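These notes are about the structure you will find just below.
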Amino acid sequence: MIVLKSKREIENMKEAGRLLASVHKEIAKMIKPGVSSWDIEVFVNEFLEKHGATPEQKGYKGYKYAICASINDEICHGFPRKTALKDGDIVTIDMVVNLNGSLADSAWSYGVGEISELNKKLLDVTKTALYKGIEQAVPGNRIGDIGHAIQTYVEAEGFSVVREFIGHGIGPSIHEKPDVPHFGLPGKGPRIKEGMVFTIEPMVNVGKYLSKMDPNGWTARTIDGKNSAQYEHTLAVTKEGTLILTDQDDLD
Ligand code: MF3
Ligand code: CO
């Protein structure tokens with residue numbers, strides 16, 4: 001069942017989203033060779049505490065950290081670790097912020113130091129794919145229109161879209177209905193309505209879309225060892241249009 005959110009609930013999630021957007025802006029300044037994803041984990045815990053918020057991922061289904069930090073061929077759910085990031089790496093930082101019981105979810109990929117042209121294209125295509133999906137997230141469209149727009153664009157650029165991990169409704173808990181795949185057919189899936197709040201979070205691979213699971217039971221990586229990137233926003237469909245609750249540009 002898709003639970004629609006009230007104006008008040010969306011306002012509160014927007015506050016959580018603004019805080020999360022500001023965390024990503026700080027992370028962008030931190031990322032450079034020599035810094036570790038563990039440094040980012042420590043920073044996020046401290047920053048959220050200072051702002052009266054908590055990291056919702058910590059303790060979720062036994063996950064132990066505030067952030068997921070997925071490096072190079074890791075698709076998602078990488079653990080933060082003390083190994084330094086290296087020049088040329090790409091890293092996706094994903095987190096869910098809980099501010100007074102309201103959640104927001106956003107992932108962002110970052111290049112470390114000087115990255116290759118291929119990595120630049122991967123980041124660019126993945127971010128553009130997110131916004132192509134967001135354009136389709138309007139009342140009257142169907143959820144399948146989002147995935148179709150993303151998949152068509154990404155494959156035309158020569159990359160592939162991960163199937164195993166998808167966007168999701170979000171509310172009092174991290175994962176709610178509807179499921180939001182980043183691939184599929186137009187005109188399929190639930191109709192998009194005012195009051196829906198969900199994420200769009202395409203994971204895009206340079207090579208094959210298939211993934212394999214690490215022995216830690218969490219981290220998914222590409223089967224061919226090629227890189228993967230991800231951008232994610234939390235969106236609210238309202239009378240005033242579709243709001244990007246985790247928009248970083250709002251903060252300027
Ligand atoms: N932020 C993730 C998402 O986009 C959820 C991570 S699940 C966790 O769906 F367990 F790793 F926290
Ligand atoms: Co996320």
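Counting convention: from 1, in listed order, for ligands and their atoms alike. As the structure is a computational prediction, the values presented were derived from the model and not from experiment.
Counting only distances under 2.8 Å, and ignoring water, the protein N, O or S atoms around the Co ion (ligand 2) are Asp94 OD1, Asp94 OD2, Asp105 OD1, Glu232 OE1.
Contact shell of ligand 1 (protein heavy atoms, cutoff 4.0 Å): Gln57, Tyr60, Tyr63, Cys68, His77, Asp94, Val96, Asp105, His168, His175, Glu201, Trp218, Glu232.
Few gaps surround NZ on Lys121; more than 12 heavy atoms of other groups in view lie less than 6.0 Å from it. The environment of CD in Glu164 is crowded: more than 12 heavy-atom neighbours from other residues, nucleotides or ligands sit within 6.0 Å.
One N or O on the side chain of Thr234 and one on the backbone of Asp105 form a donor-acceptor pair closer than 3.5 Å. In terms of modelled atom types and a separation under 3.5 Å, the side chain of Asp73 and the main chain of Arg221 share no donor-acceptor contact. Listed for the Arg191 side chain is a donor-acceptor partner under 3.5 Å among the backbone atoms of Gly140.
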*asked:* Does Ser109 form a side chain to side chain donor-acceptor pair (under 3.5 Å) with Thr92? I'd like the steps, not just the answer.
replied: CA-CA 4 Å; Ser109 288; Thr92 301; 2.7 Å; yes
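Residues that satisfy the side-chain hydrogen bond (donor to acceptor under 3.5 Å, both in side chains) test with Asn216, not counting sequence neighbours, are Thr219. Qualifying side-chain hydrogen bond (donor to acceptor under 3.5 Å, both in side chains) partners for Ser70, counting only residues two or more places apart in sequence or in other chains: none.
Under 4.0 Å is where a charged nitrogen must lie from a carboxylate oxygen, and between Lys120 and Glu117 at least one such pair does.
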